[in-house]
Structure formats: structure tokens, C-alpha cells
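Comments concern the structure below.
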Amino acid sequence: MIRLFVGLELPAKLRERLAGLGAGIEGVRWVDEENLHLTLRFIGEVDEAQAEDIVEALDRVQVPPFRIVLDGLGTFGAGVRLRAVWVAVQPSPPLEALHRKIERAVVRAGLPAEGRRFVPHVTLARLGSVAAREKLGPFIAYNAGFRSRPIRVSSFTLFQSFLTGEGADYVAVERFDLALEEA
Ligand code: 3AM
């Protein structure tokens, strides 16, 4: 079985900048620079045949390329239930459209529909220890004004996720180019 998800890769310079935000804060499980991404659809464990069906379905997803802007910070959970800190994405109808089409594609490939609302985000950190929670409050306040340059989205990626003792490693297994609009 292989553990898969669909997401957007981020430009190296942006990943470097994002990884730098948390430098020096310990006790928090920061996402490694090379693993920073935006999840479009978590798939989970599938076998080879299912993976092939998913690739075939994703291959048919088409939207014109577009741009997104990362803007501000958000969290999953709050207070004593804080689980993750992430960078938010400015509302983007094209990103929503891409997400919808990917959702339809994976359902067509035989996966159960995702019941949860799509909250586009780039996870920076997961809570490592309870003590770390106190450090994240000031971190979030300090970085609340984070904003990226516009990021061009011209492809999306099927990632394989390898769970390790320290978290997960993500490897791009297939890239899907978005079509350019005809003139
Ligand atoms: O994009 P982020 O890093 O927030 O937390 C996992 C990660 O999210 C999430 O999928 C992304 C790529 O691994 N994930 C892991 N297990 C999940 C599950 N069972 C899940 N999302 C939904 N359901």
C-alpha cells in the first residue's frame, strides 16, 4: 500500500522564507523546508491499481493556470487544543475550482468523498510538546502579517507520504500540468 495526497509544490525561495519563520523556536515540530506544501486532497493508503486509477483521473483535471497569495497565519485547534500552525491563502476561486475538480476526479477513481470543508493552508508546525504552546502564541502574533508574492500555479502534484518517527517525508510521484488557455 502507498500513502498518497494531492497538493501544490511551493517555490524554493518561498519555502526557504517560510522555514525561516520558526528558526530558533524549539519544542515544536516544524515542517522541514523541503516538505512544505499546500494539500489539495488527502487520499491515504491505496494499492497500486487504485493509484493508477487516481493518476488517470487526475490526468483529466484541467483548469487554467492561476496565482495565489499566502497571507496571514491560522491554526487548527486553539488554546490547549492547538494542533497545528499554518500560513493561510487569500480567497481564490480558481484554487477552489481546482480543488473541486480534483475531488471529483478522486471520487471517480473510486475513493469516498471528502466530508470536510477545504481550508487551503501551508502547515508550518505541529505541536511537539505542551510546553511549546506558549511559544507559539507570540510566534503567531509576530508573523500575523506574513504575506507572499503572488505564486503562479501551473501544475499540481501527487505526493507519496512516508511516515517517519519524526513526522513525514513527501515525495512527488507525478506532476499534472494545467493547460494554458487557448488564445
Ligand atoms: O497539509 P497538511 O500538512 O496540513 O496532516 C496531513 C497533511 O496535512 C494530512 O494530509 C496532509 C499530507 O499528509 N492528513 C494526514 N492524515 C489525514 C487524514 N486521515 C490527513 N488529512 C485528512 N485525513
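We number each residue from 1, following the sequence as shown.
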When the side chains of residues 108-125 are checked against the rest of the protein, which donor-acceptor pairs come out under 3.5 Å, sequence neighbours left out?
residue, atom, partner, partner atom, Å
E114, OE2, R116, N, 3.1
H121, ND1, V119, O, 2.6
H121, NE2, T123, OG1, 3.4

Heavy-atom side-chain contact between [X] and [Y] under 4.5 Å:
| X | Y | value |
| --- | --- | --- |
| V28 | L127 | no |
| F156 | V61 | yes |
| L18 | V31 | no |
| L14 | L70 | yes |
| Y170 | S161 | yes |
| I68 | L8 | yes |

For residues 75-97, run the donor-acceptor check on the side chains, cut-off 3.5 Å, and write out each pair with its distance to 0.1 Å, sequence neighbours left out.
residue, atom, partner, partner atom, Å
T75, OG1, G77, O, 2.9
Q90, NE2, D71, OD2, 2.8
S92, OG, L95, N, 3.1

Path from [X] to [Y] over hydrophobic side-chain contacts below 4.5 Å:
| X | Y | value |
| --- | --- | --- |
| F159 | I54 | no |
| L58 | L178 | yes |
| V153 | F5 | no |
| V173 | F162 | no |
| F42 | V55 | no |

Expected output: side-chain [X] to main-chain [Y] donor-acceptor under 3.5 Å:
| X | Y | value |
| --- | --- | --- |
| R15 | L36 | no |
| W30 | L21 | no |
| D169 | T164 | no |
| Q50 | D47 | yes |

For A168 and L163 the tightest heavy-atom approach is CB-CD2, 3.9 Å
Rounded to the nearest 0.5 Å, what separation is found between the [atom1] atom of [X] and the [atom2] atom of [Y]?
| X | Y | atom1 | atom2 | result |
| --- | --- | --- | --- | --- |
| F66 | R152 | CZ | CZ | 10.5 Å |
| E26 | K135 | CD | NZ | 6.0 Å |
| T157 | L40 | OG1 | CG | 9.0 Å |
| R149 | I151 | CZ | CD1 | 11.0 Å |

Sequence-distant partners of R41, side-chain hydrogen bond (donor to acceptor under 3.5 Å, both in side chains), two or more places apart: E103
In this structure, are over 12 heavy atoms from other groups packed under 6.0 Å from E45 atom CD? yes
